Structures are given as structure tokens and as C-alpha cells.
Protein chains: 2
Amino acid sequence: MRWQDIDQQPCSLARTLAIIGDNWTLLVLRDCFMGVRRFDDFQQRLGVTRHVLSDRLRKLTEGGVLDKVAYQERPLRHEYRLTAMGKELYPVIVHLAQWGDKHLAGEHGAPLIRYHRQCGEPLEAQLQCSHCGDTVKPTDIRVEENPHWKGKLMPGRTG
Amino acid sequence: MRWQDIDQQPCSLARTLAIIGDNWTLLVLRDCFMGVRRFDDFQQRLGVTRHVLSDRLRKLTEGGVLDKVAYQERPLRHEYRLTAMGKELYPVIVHLAQWGDKHLAGEHGAPLIRYHRQCGEPLEAQLQCSHCGDTVKPTDIRVEENPHWKGKLMPGRTG
DNA sequence: ATAGTTGGTTCCTATTTGGAACTTATAGTC
DNA sequence: GACTATAAGTTCCAAATAGGAACCAACTAT
């Protein structure tokens, strides 16, 4: 199977990765969440080649994560802004960065520190169930198949 | 800059993606969290070519996400298990899948449904601050640079 | 003796990436 | 009027990576 066909799979993770799972794409999103909006700014900050950047921005736009809007005419110029759907990816970015902070930081510590405004402490994010408000650990989650794909998604043993 | 050199950047997200940000790697992790441990099982479930799978499992192992352990001798056979460090990536998987469930599900709905055992409801995960226990929204987070990289990490405008 | 299992490696072709130069449309400066 | 700069790409080519299939090693089972 080709990587570009993974959006055909009955898997929400695979479909998500079809939009944001390519090399460089999550770094593009990182910069989006830091306020970067313009092509050349992305290119200089990331060091990615221009035509790869062009491709990734196009995929993100087609996937509904970014919105390409004109910020001037004569000459026509566009910038890329996170959509509401795109902003919902923030928890993914936070958890990825937090994992790196914890396990991969060098001698100088984490490059960026995120603080929770309300309590003032450095943020240590964890999962919370929006129904009951409890903290969720991996073992607290029970996975069930949608009957439509019965038996095709999960191996015999789960864990 | 080459993709394989992004772990050189002073960015926790970039360093994390150097380990798990390649095409296919997050799908390998998805299967790890579903209990898959063996080479041929990964290969059949993912449809990825064997030498790409071999490469990704090696990178995950070198990165400390998976542990390659012998489960029999004569003939010697290995399997891949999540390390404690690897298990901490679960929130990333949950949020990615949840985003796909919400925005990319087809007519039959989400393929897998995750339930929170404690309350019995389908899980809707959100960010929680482990210090104060409050729910965290993107705008609740204030980002500061580590002084060591002052001025090199963030653009003038943040948001 | 033959076939099957498991965890890969090798080979070749096709696609994607990295790097640099080029393009289009316009504004500003000499 | 001729240059230079800016922004957002596109084009070109060489190098690296992916896809697909076959092959291999070290056993076990029939």
C-alpha cells in the first residue's frame, strides 16, 4: 500500500495522518500555532525546500486545517491561517512537545516553556474526560469496534 | 535542511518528530497500542513494505520508544514492546484519532469507539493541567522562551 | 524430503526530496 | 526609464527514499 492511499483505511488515525502525517507538516503546524502565516516566514524558520512547503500548505488547506486568505491585492498575496478545525489539533502539538521536553531536552533544558495562566505553573498536560472531568490514564480506556467493521480492525489481544 | 537533521534543532517538537514523525511511524505506534508486537503482524495490518517497516522499528527502538526483546530461542525471534517512555505517547494517539473521529469519519461513523471505564461514556479527551486540575484551552497557555535561545525560536507575534 | 514460519535483507524501478535558479506582479528608488 | 526589492510560488536536476517482489537463514512440523 502506498502512503498516499492511507486515507482509504477505516481508521481515524490513518485519515488524520493523511493530512498532517507527512514529514514537515507537523512542524508547519507548530509554526502556525506560534503565529506564522506567510510562505517565506515558514520557509526561513523551517529550512524546508520551497516546493515541499508549497505541497504541505496545499494539503493542509485542502484538508481544512488551514485557510488561505488574501491579505492584499496588487500584487495579490495570500497567507495561511488556522481554521477552527485546525486549532483543535493543539492538544496534539502540546503532547508531542511535552514528550520531547521530558525525554529529549539537551543540557540547556526545554527551548520553550508553556505556562498555565490560571495557576501560573509550567503546564504538564494530561488527558481529561470531558464528561466526568476525571483524569484519564491509558488503562482507563476501553476500545470497542464499530460493528460495521467487526473483526477487521483489532487483533485478538488488545492492550 | 534535510528532514533527517531536524533532531539538531532546539525544538522539542522537532526532536520528537525525528523519532516518530516519519510516514508510517505513528501508524506503527497505533498498532503497538492495540497489542501488536511482531514484525509480520505489523506488516500485514499496515500494508507497509517490509524494509520500510524494518527501518521504522529500528528508529523507534533506537529512540527508546520500543524495546526489542527475544520471546524464544531456537530459532531466535524478537518482538517489539512499548517502553514506559513509549507508553507516554498515548495522549498523542488519542488526540489524533479523536480529531479524525470528529472531522473525517465516513457514513458509518468512527471505526473504533473509546470509552472511559470510570464513567462509561465515549471518551472526549481534553487537556488538563496536572497542577491545578483545570481544563486547559489553547488561550490559557502562555509560552516563554528559555533564555538560552532568546529571540531565535519565536516570531514577533504569537498566537 | 518438503513445506511452513518468522524476521528480516536484497534488488530494481518509481516517486519524493533537497538545493538552487527562475517567474510573475508590483512597489520603491536612482 | 532602469534597476532593485518583495512575496509566493514553479521549474529543473541529482540524490535519497519508498513500493513491490523475490530471496535468505534457521529452525519446526508433516
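Given the structure is predicted, the values throughout are model-derived calculations rather than measurements.
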Using side chain to side chain donor-acceptor pair (under 3.5 Å) as the criterion, point out the one residue from His116(B), Arg117(B), Gln118(B), Arg114(B) that pairs with Asp140(A).
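Testing each of His116(B), Arg117(B), Gln118(B), Arg114(B) against Asp140(A), the sole residue satisfying side chain to side chain donor-acceptor pair (under 3.5 Å) is Gln118(B).
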Spacing between [X] atom [atom1] and [N] atom [atom2], to the nearest angstrom:
X	N	atom1	atom2	result
Trp24(B)	dA18(D)	CH2	P	11 Å
Met1(A)	dT15(C)	CE	P	17 Å
Phe39(B)	dT6(C)	CZ	P	13 Å
Leu46(A)	dA8(D)	CG	P	14 Å
Lys68(A)	dA8(D)	NZ	P	10 Å
Trp3(A)	dG19(D)	CH2	P	9 Å
His51(B)	dA18(D)	NE2	P	7 Å
Leu53(B)	dG20(D)	CG	P	14 Å

Taking donor-acceptor contacts at under 3.5 Å, does the side chain of [X] reach the base of [N]?
X	N	result
Arg38(A)	dA7(D)	no
Arg74(A)	dT26(C)	no
Arg50(B)	dG20(D)	no

Would you classify [X] as touching base, sugar-phosphate or nothing, given that sugar-phosphate means primed atoms plus P, OP1 and OP2, and contacts are heavy atoms under 4.0 Å?
X	answer
Tyr80(A)	sugar-phosphate
Arg58(A)	nothing
Arg77(A)	base

DNA chain C: Pro75(B) or Asp22(A), which has the more 5' nearest nucleotide?
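Its nearest nucleotide lies further toward 5', so the answer is Pro75(B).
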Any side-chain N or O of [X] under 4.0 Å from OP1/OP2 of [N]?
X	N	answer
Arg56(B)	dG8(C)	no
Ser54(B)	dT9(C)	yes
Tyr71(B)	dG7(C)	yes
Gln4(A)	dT16(C)	yes
Lys59(B)	dT17(D)	no

Starting at the 5' end of DNA chain D, which residue's closest nucleotide do you reach first, Asn23(A) or Asp40(A)?
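It is Asp40(A) whose nearest nucleotide is closer to the 5' end.
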Nearest heavy atom decides the nucleotide; on that basis, is Thr49(B) or Arg2(B) closer to the 5' end of DNA chain D?
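Closest to the 5' end, via its nearest nucleotide, is Arg2(B).
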Should the heavy atoms of other residues, nucleotides or ligands under 6.0 Å from CD of Glu73(B) be counted, would the total exceed 12?
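Counting neighbours around CD of Glu73(B), 12 or fewer heavy atoms of other residues, nucleotides or ligands fall under 6.0 Å, so no.
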Lys87(B), NZ atom: more than 12 neighbouring heavy atoms under 6.0 Å:
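No.
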As a test of understanding, state which of Leu96(A), Thr25(A), Val36(A), Leu46(A) forms a side chain to side chain contact (heavy atoms under 4.5 Å, CB included) with Arg30(A).
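It is Leu46(A); the other options fail the test.
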Aromatic ring centroids of His95(B) and Trp99(B) under 6.0 Å?
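Ring centres of Trp99(B) and His95(B) not closer than 6.0 Å.
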Intermediate values then yes/no, side chain to side chain donor-acceptor pair (under 3.5 Å), Thr83(A) and Asp67(A)
CA-CA 6 Å; Thr83(A) 61; Asp67(A) 202 10; over 6 Å; no
